[in-house]
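These notes are about the structure you will find just below.
A, B, ... follow the sequence lines: proteins, then strands. Residue 1 opens every chain.
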Amino acid sequence: MIARASQLYLPTLREAPADAEALSHRLLLRGGFIRQLGAGLWTFLPLGWKVHQNIVQIIREEMNAIGCQEMLAPVLTPAELWEKTGRLSIPELFHLTDRGGRPYILAMTHEESFTFHGAELQSYRQLPQQWYHFGTKGRDEPRPRAGLIRMREFIMKDAYSFDRDEEGLEVSFRRYEAAYRKIFERCGVETYAVQAEPGMMGGKESVDFLAPAGSGENTLVTCENGDYAADLEIARGIPRDPEFPERLDAPEEVETPGATTIDSLAEYLSIDPAATSKAMPVVANGSVVLALVRGDDRLESAKLAATLGSDFRPATEEEIRTAFGADPGSLGPVGFQGEVVADEALRAGQFVAGANRTGWHLRGVEQGRDFQARVADIREAREGDRCPECGGALRFQTAIEVGHIFKLGTRYSEPLGAMFLDEDGKEKPIVMGSYGIGPARVMATIVEQRGDDRGISWPDSVAPYAIHVVALPGAEEQAEQAATALDAACYAVLLDDREQRAGEKFADADLIGCPVRVTVGKKTLEDGAVDVRDRATGEERRVALADLGKVS
RNA sequence: CGGGACGUAGCUCAGCCUGGUAGAGCACCGCGUUUGGGACGCGGUGGCCGGCGGUUCGAAUCCGCCCGUCCCGACCA
């Protein structure tokens with residue numbers, strides 16, 4: 001079937017709305033792939049849906065290839081299931097009731113639903129199982145953004161593995177990891193698999209697939225030598241060494257009037273900001289904990305939360321005065337009665353710290369001698385750090401999270417009673433994993449990574465059409481012939497048969513981004529030829545009309 | 001949820017400060033000339049100026065409330 005531009009709903013735009021900033025947002029909108037219905041709500045127009053379906057099909061094939069079975073679970077879900085797993089209070093969850101007042105939620109992911117069905121598995125003989133679906137997710141995002149990058153409703157491929165034990169889960173997990181690499185490769189997307197925080201999934205181990213892009217919500221940290229990649233939230237970097245002042249045998253008080261920031265403190269004392277320490281009092285589990293990082297560093301809250309094993313919040317000024325007897329800006333670990341968590345960078349050396357006396361600091365404060373701290377990696381890696389593996393330079397890029405896989409363990413099987421009887425006759429909870437990919441995010445990522453100022457450049461694997469035949473005035477018939485020949489050779493063909501000027505057709509072709517453009521016009525028809533142009537490279541060659549369909 | 005901005009034609013925006021019958025470019029429709037990189041001329045269609053209330057003889061314009069959208073942050077499988 002030849003698609004005719006004159007009949008397609010393909011509303012391309014010369015300009016993007018002023019509020020569209022991300023490249024993928026602008027180009028998908030301008031190319032007539034998507035349209036907005038509301039905040040975080042997007043309709044896929046015919047071409048956009050084609051691309052989405054192509055990505056879905058690649059994912060489907062790779063899931064099937066590892067023995068994963070496709071099914072479909074509803075979006076509307078009895079709230080009871082989420083009550084049992086304790087996830088009913090997640091703020092992003094959409095709640096609703098039916099006419100009888102019974103509570104439901106819109107699934108934002110389907111662990112509960114799949115585990116509910118997994119509970120029907122009875123025996124180790126039925127394990128392992130791998131199930132997946134392309135399910136619609138609803139999320140009451142506080143801030144949808146950037147077109148397809150963060151939506152309130154979207155389709156996700158989520159898969160769930162059911163194993164007897166941790167060893168089985170490990171095998172399943174690695175299989176998905178390998179399948180994901182193939183999927184992203186086939187979609188033409190550059191990704192890095194990195195260790196990540198499990199977040200609300202509450203699992204043990206998780207691997208994030210991050211794709212560097214011009215826009216995105218994650219920061220990918222990679223080493224120039226290719227031996228390290230991590231999400232900024234957990235990235236380890238080696239900071240430069242501070243220039244320490246002369247060593248002191250004991251801390252020494254120094255008056256620092258008005259020096260409440262690291263910059264002003266370092267300037268006042270004429271020392272390297274890296275030779276100071278920054279005190280960040282937080283409240284975790286009802287008590288004040290002092291998080292201490294080097295003066296030139298920033299606290300990475302995800303790392304601190306992981307170290308503390310719980311969420312925390314900044315302490316209020318009142319809590320600070322009660323716990324330290326001083327104002328913020330003069331706080332330090334010496335003499336503090338609560339727990340101190342100090343960053344690795346403070347393990348050795350003497351630093352300036354707040355004296356817990358407003359307007360005063362201490363010089364020569366040493367961890368282990370002057371105060372006792374739990375030493376952990378709680379700083380945010382930053383530009384200029386060196387690689388923890390090889391000492392190479394670290395690179396920071398914004399990235400889109402296109403996939404995330406989790407080892408769930410028995411987080412869901414226990415509360416939902418998904419038990420099986422093992423060989424030894426004992427009842428055990430099923431050990432689970434969950435594995436997600438957002439096809440729309442993959443789509444946005446492809447545009448981010450491959451788009452240019454003129455438009456999109458789809459890889460063959462996901463392109464809405466393989467070949468875009470542009471019919472120029474006076475060559476309509478020959479363009480039909482060319483399209484027919486290509487169609488017969490099994491190419492998906494888009495024929496631009498609209499009554500438009502050449503320039504507009506070319507501009508639209510560049511924007512829409514089919515891999516190959518065939519230009520049929522009077523200029524070359526005298527020689528019985530057409531121009532075949534590669535969208536990605538811009539290379540053009542002349543091919544005899546009679547040879548079309550024989551070559552790719 | 002905090003900070004900022006915006007809402008006028010399908011799209012991009014002007015008009016608002018200083019109240020007095022709603023504008024431009026692009027798009028769209030018709031005719032003509034053009035036709036290998038977003039043409040030109042002539043003539044047209046299209047707007048509850050986000051909503052409600054207030055001030056005023058009179059509100060797109062001033063004031064208040066609400067709604068919506070975007071950006072930064074918080075948040076985020």
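- Among the heavy atoms of the strands lying under 4.0 Å from A:Arg30 is at least one base atom, whether or not backbone atoms are also near.
- The salt bridge (Lys or Arg N to Asp or Glu O under 4.0 Å) pairs that include a residue from residues 436-453 of chain A are A:Glu217-A:Arg441, A:Glu401-A:Arg441, A:Asp452-A:Arg535, where partners are two or more places apart or lie in different chains.
- Within 4.0 Å (heavy atoms only), A:Arg517 reaches at least one base atom of the nucleic acid.
- Heavy-atom neighbours of A:Tyr465 OH from other residues, nucleotides or ligands within 6.0 Å: above the threshold of 12.
- Residue A:Glu499 places its CD atom among 12 or fewer non-hydrogen atoms of other residues, nucleotides or ligands, all under 6.0 Å distant.
- Pair check for B:A14 finds none; no Watson-Crick or G-U wobble contact set falls under 3.5 Å.
- Residue A:Gly521 is classed as a base contact, given a heavy-atom separation below 4.0 Å to a base.
- Looking at heavy-atom distances under 4.0 Å, A:Ala471 makes no contact with the nucleic acid at all.
- The stretch residues 503-515 of chain A touches RNA chain B through A:Gly503, A:Glu504, A:Phe506, A:Ala507, A:Asp508, A:Asp510, each having a heavy atom within less than 4.0 Å of the strand.
- The stretch residues 128-137 of chain A participates, sequence neighbours left out, in these salt bridge (Lys or Arg N to Asp or Glu O under 4.0 Å) pairs: A:Lys137-A:Asp158.
- Between the CE atom of A:Met151 and the P atom of B:C76 there is a distance of 20 Å, rounded to whole Å.
- For A:Gln36, a side-chain nitrogen or oxygen approaches OP1 or OP2 of B:C70 to under 4.0 Å.
- One interatomic measurement links the two molecules: CZ of A:Arg150 to P of B:G73, which rounds to 13 Å at whole-angstrom precision.
- When the P atom of B:C70 is taken as reference, atom CG of A:Leu148 falls 13 Å away, rounded to whole Å.
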**Message:** Each nucleotide in nucleotides 1-14 of chain B should get exactly one letter: B, S or -. Can you fill that in based on protein heavy atoms under 4.0 Å?
**Reply:** ----------SSS-
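- The residue among A:Phe154 and A:Glu21 whose nearest nucleotide of RNA chain B is located toward the 5' end is A:Glu21.
- To the nearest 0.5 Å, the span separating CD1 on A:Ile446 from CD on A:Glu190 amounts to 13.0 Å.
- Of all nucleotides listed (B:C71, B:C75, B:G36), B:G36 comes nearest to the side chain of A:Leu472.
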**Fill in**
Protein-proximity profile, nucleotides 42-51 of chain B, B/S/- by nucleotide at the 4.0 Å heavy-atom cutoff, equals ----------
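- Heavy-atom contacts from other residues, nucleotides or ligands closer than 6.0 Å to CD of A:Gln69 number more than 12.
- Across all strands shown, B:A5 forms a Watson-Crick or G-U wobble pair with B:U69, both key distances being under 3.5 Å.
- If you measure from atom CG of A:Asp452 to atom P of B:G37, you get 19 Å, rounded to the nearest angstrom.
- At whole-Å resolution of the value, CG in A:Asp208 and P in B:C76 are 14 Å apart.
- Within the nucleic acid shown, A:Gly474 has no heavy atom closer than 4.0 Å to any nucleic acid atom.
- For B:U33, the paired nucleotide is B:A39, the pair qualifying as Watson-Crick or G-U wobble because both relevant distances are below 3.5 Å.
- Scored by the salt bridge (charged side-chain N to carboxylate O under 4.0 Å, His left out) test, A:Asp377 finds A:Lys303 as partners (sequence neighbours excluded).
- Using bins of under 30°, 30° to 60° and over 60° for the plane-to-plane angle, the ring pair A:His133/A:Phe114 lands in the perpendicular bin.
- Checking the phosphate oxygens (OP1, OP2) of B:U34, no side-chain nitrogen or oxygen of A:Arg501 falls inside 4.0 Å.
- No donor-acceptor contact under 3.5 Å links the side chain of A:Arg145 to the base of B:C70.
- For the pair A:Met63 and A:Ile183, the minimum side-chain heavy-atom distance is below 4.5 Å.
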